[in-house]
Amino acid sequence: MVEASTCKPSGKLRGKKPPPGKCNHGHDSDCCQQGKLYTTYTCSPQVSGHTKATLTLNGFGPGEDGGGRCECDNQYHNDTELIVALSTGWFNKKKRCMNYINIHGNGKTVKAKVVDECDSTMGCDSDHDYQPPCDNDIVDASDAVWDALGVYGDQRGEMEIYWSDA
């Protein structure tokens, strides 16, 4: 019997080379590679009071590596706001929009608002800033979240964290 918390890949997406000058490397973002197969997910691991995830760095303003406007409110946001984007399964068809989560990492805890989806089903196009699909266990956070966790400069990028609904 398969556990309900199992989240298996939903498919693959073949990468396309971004048009010249369209690959935004802000916040050490990866850009799609021509022909590379990227795993996609429609689900994320089951949420608990102590859900393991990978914290990544994202820009939520115009022209930043986050791509377009945020899914929850169709707005851009300042990187000084305590905000995050969640992988598709955790984003749960906007059910977590504008709600808060608690993020535990680096010995600290911060409360952040969910404003966007880190798309685990699509990527490698202009809507996704020519970046690959997100993994299914991502909390994509603003600079302010990293600041609140006491992580600065080159130490930012990826960090193991735990999160829960606030």
Side-chain angles (χ1 to χ4, degrees), residues 5 7 10 24-31 38-166:
S5 64
C7 174
S10 57
N24 187 337
H25 287 285
H27 297 125
D28 291 328
S29 292
D30 291 328
C31 293
Y38 296 96
T39 303
T40 59
Y41 295 88
T42 56
C43 59
S44 291
Q46 186 172 0
V47 175
S48 68
H50 197 68
T51 307
K52 187 177 178 181
T54 301
L55 188 72
T56 55
L57 181 60
N58 188 42
F60 293 86
E64 291 194 79
D65 58 307
R69 296 173 188 270
C70 293
E71 283 290 313
C72 293
D73 59 6
N74 198 33
Q75 300 291 314
Y76 289 110
H77 288 268
N78 193 305
D79 293 334
T80 59
E81 294 179 63
L82 294 168
I83 53 176
V84 297
L86 296 178
S87 291
T88 297
W90 290 336
F91 189 67
N92 196 11
K93 299 179 175 113
K94 297 189 178 185
K95 287 187 174 83
R96 283 199 167 81
C97 272
M98 310 315 272
N99 291 329
Y100 287 86
I101 64 169
N102 292 314
I103 300 167
H104 314 280
N106 198 37
K108 300 181 183 211
T109 300
V110 63
K111 189 169 155 183
K113 186 180 353 179
V114 177
V115 296
D116 206 0
E117 175 182 13
C118 192
D119 200 331
S120 306
T121 66
M122 304 279 289
C124 300
D125 57 17
S126 62
D127 286 350
H128 299 91
D129 207 36
Y130 299 99
Q131 295 177 46
C134 280
D135 284 335
N136 67 343
D137 64 346
I138 299 296
V139 175
D140 207 11
S142 66
D143 284 310
V145 170
W146 286 86
D147 287 345
L149 293 173
V151 181
Y152 305 101
D154 291 346
Q155 301 302 311
R156 294 178 182 186
E158 282 193 9
M159 182 172 79
E160 291 291 313
I161 56 144
Y162 290 92
W163 73 275
S164 60
D165 290 306

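Remember, it's a predicted structure, so these values are computed and weren't measured experimentally.
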(message) Show the nearest heavy-atom pair for residues Pro132 and Cys31, with the distance to one decimal.
(response) CD-C, 4.2 Å

(message) Keeping Thr40 on the side-chain end and Thr121 on the backbone end, is there a donor-acceptor pair under 3.5 Å?
(response) no

(message) I want to check something: taking the side chain as every heavy atom from C-beta on, are Tyr41 and Cys7 in contact at a cut-off of under 4.5 Å?
(response) yes

(request) Locate the shortest heavy-atom distance separating Trp163 from Val139; write the atom from each residue and the value. (result) CD1-CG2, 3.8 Å

(message) Taking Asp165 first and then Arg96, would you say they form a salt bridge - that is, a charged N and a carboxylate O separated by under 4.0 Å?
(response) yes

(message) Working to the nearest 0.5 angstrom, can you tell me the gap between Leu82 CG and His77 NE2?
(response) 12.5 Å

(request) Ignoring hydrogens and angles, tell me if any N or O in the side chain of Ser44 forms a donor-acceptor pair with the backbone of Asn136 under 3.5 Å. (result) yes

(message) With a 3.5 Å distance limit and no angle check, can you tell me whether Trp90 reaches the backbone of Glu117 through a side-chain donor-acceptor pair?
(response) no

(message) So which atom in Thr51 and which in Ser48 form the shortest heavy-atom distance, rounded to 0.1 Å?
(response) OG1-N, 2.7 Å

(request) In sequence, state the C-alpha distance, the side-chain angles, and the governing distance for Asp143 and Arg156, and then conclude on side-chain contact (heavy atoms from CB on, under 4.5 Å). (result) CA-CA 9 Å; Asp143 284 310; Arg156 294 178 182 186; 2.8 Å; yes

(message) Using 0.5 Å steps for rounding, measure from the CD atom of Glu81 to the NZ atom of Lys113.
(response) 6.5 Å

(request) Decide yes or no on side-chain contact (heavy atoms from CB on, under 4.5 Å) for Ile103 and Leu149, but give the supporting numbers first. (result) CA-CA 9 Å; Ile103 300 167; Leu149 293 173; 4.1 Å; yes

(message) Quick one: does any side-chain atom of Ser120 pair with a main-chain N or O of Asp135 as donor and acceptor, under 3.5 Å?
(response) yes

(request) Using atom types as modelled and distance alone, determine if a side-chain donor or acceptor of Asp73 lies under 3.5 Å from a backbone N or O of Gln75. (result) yes

(request) Over all heavy atoms of both residues, which pair between Ser10 and Thr42 is shortest? Give the atoms and the distance, please. (result) OG-N, 3.4 Å

(request) Step by step, work out the side-chain contact (heavy atoms from CB on, under 4.5 Å) result for Val115 and Phe60. (result) CA-CA 9 Å; Val115 296; Phe60 293 86; 3.9 Å; yes

(request) Would you check if the side chain of Thr109 reaches a backbone N or O of His104 as a donor-acceptor pair within less than 3.5 Å? (result) no

(request) Using side chain to side chain contact (heavy atoms under 4.5 Å, CB included) as the criterion, list what pairs up with Asp125, not counting sequence neighbours. (result) Met122, Asp127, His128

(request) Report the C-alpha distance between Thr56 and Asp140 in whole Å, list the side-chain angles of each, state the deciding distance to 0.1 Å, and finish with yes or no for side-chain hydrogen bond (donor to acceptor under 3.5 Å, both in side chains). (result) CA-CA 5 Å; Thr56 55; Asp140 207 11; 2.6 Å; yes

(message) Could you measure the distance from the NZ atom of Lys111 to the OG atom of Ser164? Nearest 0.5 Å is fine.
(response) 11.0 Å

(message) Is any side-chain heavy atom of Thr54 closer than 4.5 Å to one of Ile161?
(response) no

(message) With rounding to the nearest 0.5 angstrom, report the CH2 to CG distance, Trp146 to Asp79.
(response) 13.5 Å

(request) Check the pair Tyr38, Cys124 against side-chain contact (heavy atoms from CB on, under 4.5 Å), reporting the backbone distance first and the verdict last. (result) CA-CA 10 Å; Tyr38 296 96; Cys124 300; 3.9 Å; yes

(request) Measure the acute angle between the ring planes of His50 and Tyr162, then classify it against the limits of 30° and 60° as parallel, tilted or perpendicular. (result) parallel

(message) Strictly distance-based, threshold 3.5 Å: is any side-chain N or O of Asp119 a donor or acceptor partner for the main-chain N or O of Pro133?
(response) no

(message) Quick check for you: to the nearest 0.5 Å, what is the distance between Tyr152 atom OH and Asp147 atom CG?
(response) 5.5 Å

(message) Take a 6.0 Å sphere around CD of Gln155 and say whether it holds more than 12 heavy atoms from other residues, nucleotides or ligands.
(response) no

(request) Rounded to the nearest 0.5 Å, what's the gap from SG on Cys97 to CD on Glu71? Could you check? (result) 7.5 Å

